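I have placed the structure first, in the form of structure tokens, so that the comments after it can refer back to it.
All values derive from a computational prediction rather than experimental measurement. A, B, ... follow the sequence lines: proteins, then strands. Residue 1 opens every chain.
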There are 2 protein chains.
Amino acid sequence: MRSRLAFYWRTSKTLPKQTTSQRPKSSSGSPTLEDVARLAGVSTATVSRCLNSPDRVVERTRNRVLQVVHDIGYAPNFGARALAARRTNTVGVVIPTMENAIFARGLQAFQEELGRHGFTLLVASSSYQPELEMLQVRTLLARGADALMLIGFERQQEVYDILDRRGVPYVISWAYHEGQEAPAIGFDNRLAMAELARHVTGLGHRRLAVISAPQAENDRARDRVLGVMDACREAGINTDGVTVIETPYAIENGAAAMERLMSGASRPTAVLCGNDVLAVGAVRAATRLGLRVPGDVSITGFDDIEIAQIIEPPLTTIHVPHRQMGRQAAQMIVSLLHGTPVGPLRPLDTHIVHRTSLGPPHT
Amino acid sequence: MRSRLAFYWRTSKTLPKQTTSQRPKSSSGSPTLEDVARLAGVSTATVSRCLNSPDRVVERTRNRVLQVVHDIGYAPNFGARALAARRTNTVGVVIPTMENAIFARGLQAFQEELGRHGFTLLVASSSYQPELEMLQVRTLLARGADALMLIGFERQQEVYDILDRRGVPYVISWAYHEGQEAPAIGFDNRLAMAELARHVTGLGHRRLAVISAPQAENDRARDRVLGVMDACREAGINTDGVTVIETPYAIENGAAAMERLMSGASRPTAVLCGNDVLAVGAVRAATRLGLRVPGDVSITGFDDIEIAQIIEPPLTTIHVPHRQMGRQAAQMIVSLLHGTPVGPLRPLDTHIVHRTSLGPPHT
DNA sequence: GCGTTAAATGTAAGCGCTTACATTTTTTCA
DNA sequence: TGAAAAAATGTAAGCGCTTACATTTAACGC
């Protein structure tokens with residue numbers, strides 16, 4: 001209704017031109033560059049320069065212009081600016097899910113660091129579907145993203161092709177593989193999980209189980225499971241005996257998986273979860289089943305998000321330096337955008353946080 | 001670097017026109033409407049129509065065009081489209097914080113419902129600062145938001161002025177006041193909290209305390225505190241004796257406040273928290289102090305977010321129908337945008353969720 | 001004081017779309 | 001069958017900016 005009316009108001013162009021009028025707004029409602037120029041008595045080019053490269057305008061003029069900008073509350077039209085400048089100072093990211101907090105901390109840091117450099121973040125979600133990721137990448141590019149952050153390495157080749165063809169810089173995060181050519185700021189999921197699993201077997205556990213996110217199109221999930229298997233092999237445990245349940249990251253899914261695991265014939269003494277969300281669900285299920293954690297069964301997480309400390313017992317988990325990862329990824333992007341050479345990349349360090357959900361196996 | 005080069009590449013206009021050429025891309029890297037038009041052998045207008053009002057194009061032509069669109073992976077440039085159409089099918093929202101999950105569920109539903117109607121959501125955060133909210137509103141408008149959702153009623157008058165001047169529809173959410181003229185989809189924070197507080201006093205509690213978000217520029221927080229006071233008055237409790245600690249929503253802040261509360265001379269027997277995040281912190285602090293909840297002290301939350309069930313003991317709290325709120329707010333916005341008349345507004349219902357963090361006072 | 005150079009500002013051509021209006025093609029029906 | 005109406009398509013004018021290039025103004029050196 002209101003928005004409809006606005007269209008009918010837009011008639012000034014047919015009204016007598018009053019160049020000297022002090023009416024500050026253009027007819028569309030939003031003041032434009034031209035409004036500012038007129039009011040300040042300069043050309044639009046000068047106004048533009050005041051906003052984008054202030055030192056190319058003499059101080060007296062600049063002050064006058066900025067005063068007008070402030071007075072009429074001018075904000076440059078983003079679309080027009082993007083169109084003309086072919087640059088938006090916007091960085092896009094496609095995360096697999098917004099449903100839980102796994103990406104929150106890292107993204108927050110990513111955004112903060114980008115903001116520090118004058119960039120804005122655009123977030124899209126792929127729901128763990130490769131086609132949707134492709135679509136979101138296109139959308140982000142259409143929206144003018146100057147660069148992209150993507151999670152993990154594995155995706156449709158087309159995504160990489162498009163990015164390369166358009167010359168859009170990108171960084172991969174949340175994962176790191178030795179020898180991967182794409183610029184990545186992340187950690188080695190396999191090594192991290194292997195370290196934890198090794199600790200678990202070191203405690204004497206021989207009957208392990210894993211609750212993982214679906215591995216099909218998720219290299220991080222797959223690597224984590226591989227890490228468990230690595231440790232099992234080292235400990236002489238037959239990996240065929242390690243049950244792996246796949247289920248999307250959600251507390252209730254973790255709980256359901258745990259129930260299945262504990263209703264089976266040979267109950268595991270330790271359940272390694274693909275992340276903290278699943279682990280929290282597992283703990284809740286165990287509690288509901290009347291099992292003590294870690295007395296009757298040990299449970300571990302991955303990520304070390306806030307909830308890991310809230311649950312009782314608090315989770316022994318792998319701490320991922322999400323904030324650092326987000327910050328570095330942002331710095332990397334800024335460097336790519338500025339053409340600053342970036343040094344060699346090293347994986348981030350993760351470490352085990354010993355809390356109480358993991359203990360020796362019951363006898 | 002790359003993006004610089006693009007300027008020098010952009011020379012196709014001066015090259016011999018090869019209308020029949022199969023080179024699908026324009027020089028800038030992204031295919032444009034014109035590329036599609038050329039390849040499909042139609043005008044740009046027709047391509048545009050295929051995308052925006054398919055029924056105005058004969059099927060044969062449409063198929064041919066859409067085939068090309070698909071083949072070269074064309075995605076319309078958002079900025080150009082916004083500029084030309086003066087409409088973006090984008091809705092903006094400014095939430096006070098992204099730091100915790102209080103807005104997550106509602107926003108998710110909001111976004112889903114918007115998506116169902118072909119709209120995209122743009123989220124910005126004000127960090128509970130009115131000036132920043134003003135700025136974010138401007139930014140969102142500059143980015144072409146067709147409509148806005150805002151949280152709570154209280155803000156700089158200028159925000160409302162701008163919105164009205166530009167004819168941008170908006171809805172207020174997360175709050176409801178009888179007689180407020182602005183379209184609002186929310187609940188009455190005061191009444192909701194009063195109901196819970198009444199239940200607390202009904203249990204026999206006489207020494208209450210409140211841990212609230214800073215009330216200064218947050219009408220929801222203020223209303224919730226007022227609700228507690230209402231119930232106290234009804235129960236004949238002197239409201240001067242009700243300690244109110246203000247601290248931003250964060251688990252650790254809730255814990256710190258709780259510690260302060262319990263180290264005072266007259267310890268409260270029940271602590272009503274402004275939301276679940278603070279309540280979780282309070283529970284943790286109580287536990288750390290060796291106090292049993294609710295044995296030694298009762299604690300209540302507000303919102304009923306996921307964490308309320310995770311914490312031990314699970315929180316007695318107020319369930320806010322966030323999903324319903326988000327959905328309805330989205331429907332309201334769509335109606336406003338379409339000019340569909342909207343019926344009279346009614347507040348959403350909240351209700352107490354009885355779990356275990358609240359009990360009778362210890363004697 | 002004046003030519004020269006540098007700094008400040010202005011002019012205007014797009015960026016990639018949508019859409020009012022003009023033109024062409026197809027359909028309809030006397 | 002052909003004129004009128006309807007449908008399909010094309011033409012081109014912007015939308016609000018940035019920026020290459022042109023012009024004007026200020027600063028400088030002798």
Say whether A:Arg49 and A:Thr61, considering side chains only, have a donor N or O and an acceptor N or O under 3.5 Å apart.
-> no

B:Arg86 CZ - D:dC15 P separation (whole Å) = 8 Å

Give one of base, sugar-phosphate or nothing for A:Phe78, where a contact means two heavy atoms less than 4.0 Å apart.
-> nothing

N/O donor-acceptor pairs under 3.5 Å from side chains in residues 132-139 of chain B, not counting sequence neighbours:
| from | atom 1 | to | atom 2 | distance (Å) |
| --- | --- | --- | --- | --- |
| B:Glu133 | OE1 | B:Arg155 | NE | 3.1 |
| B:Glu133 | OE2 | B:Arg155 | NE | 3.2 |
| B:Glu133 | OE2 | B:Arg155 | NH2 | 2.9 |
| B:Gln136 | NE2 | B:Ser125 | O | 2.9 |
| B:Arg138 | NH1 | A:Gly73 | O | 3.3 |
| B:Arg138 | NH2 | B:Glu158 | OE2 | 3.3 |
| B:Thr139 | OG1 | B:Leu135 | O | 2.8 |

Check the distance between C:dT18's P and B:Asn89's CG and give it to me in whole angstrom.
-> 11 Å

Nearest heavy-atom approach of B:Thr32 to B:Tyr74 is C-CE1, 3.4 Å

A:Asn77 CG to D:dT18 C1', in whole Å, measures 13 Å

Roughly how far, to the nearest 0.5 Å, is the CZ atom of B:Phe110 from the CD1 atom of B:Ile185?
-> 10.0 Å

Closest contact, heavy atoms only, B:Phe78 versus B:Arg143 = CE2-O, 4.1 Å

Pull out every protein N or O sitting under 3.5 Å from an N or O of nucleotides 7-11 of chain C, one pair per line with the distance.
| from | atom 1 | to | atom 2 | distance (Å) |
| --- | --- | --- | --- | --- |
| C:dT9 | OP1 | A:Thr61 | OG1 | 2.3 |
| C:dT9 | OP2 | A:Val58 | N | 3.0 |
| C:dG10 | OP2 | A:Ser43 | N | 2.8 |
| C:dG10 | OP2 | A:Ser43 | OG | 3.0 |
| C:dG10 | OP2 | A:Thr46 | OG1 | 2.6 |
| C:dG10 | N7 | A:Arg49 | NH2 | 2.7 |
| C:dG10 | O6 | A:Arg49 | NH1 | 3.2 |

Over how many whole Å does the gap from B:Arg81 atom CZ to D:dC17 atom P extend?
-> 21 Å

Tell me, please, which residues at least two apart from B:Arg56 pass salt bridge (charged side-chain N to carboxylate O under 4.0 Å, His left out).
-> none

d(CG, B:Leu83; P, D:dG14) in whole Å | 13 Å

Can you check the B:Tyr74 OH to C:dC17 P distance for me, whole Å?
-> 3 Å

Can any side-chain N or O of B:Arg327 pair as donor or acceptor with the backbone N or O of B:Glu113 at less than 3.5 Å?
-> no

Quick one: closest heavy-atom pair of B:Val57 and B:Thr46, and the distance?
-> CG2-O, 4.1 Å

Mind calculating the distance between CG (A:Leu51) and P (D:dT19) to the nearest angstrom?
-> 12 Å

Residue list, ring pair (Phe, Tyr, Trp, His ring centres under 6.0 Å) with A:Tyr170, at least two apart or on another chain | A:Tyr160

B:Leu33 CG - C:dT19 P separation (whole Å) = 12 Å

For nucleotides 23-28 of chain C, print each protein N/O atom paired with a nucleotide N/O atom at under 3.5 Å, atom names and distance only.
none

Given C:dT19, is OP1 or OP2 found less than 4.0 Å from the side-chain N or O atoms of B:Arg87?
-> yes

Nucleotide of D:dC17, C:dC17, C:dT19 approaching B:Ala85 most closely (side-chain heavy atoms) = C:dT19

Could you tell me which non-hydrogen atom of B:Leu148 sits nearest to which non-hydrogen atom of B:Ala145, and how far apart they are?
-> CD1-CB, 3.7 Å

Divergence of helical axes at both termini of the helix from C:dG1-D:dC30 to C:dA30-D:dT1 - five pairs an end, 10° steps = 30°

Go through B:Val91 and B:Asp146 one step at a time and tell me if the side chain to side chain contact (heavy atoms under 4.5 Å, CB included) criterion holds.
-> CA-CA 6 Å; B:Val91 171; B:Asp146 294 333; 5.5 Å; no

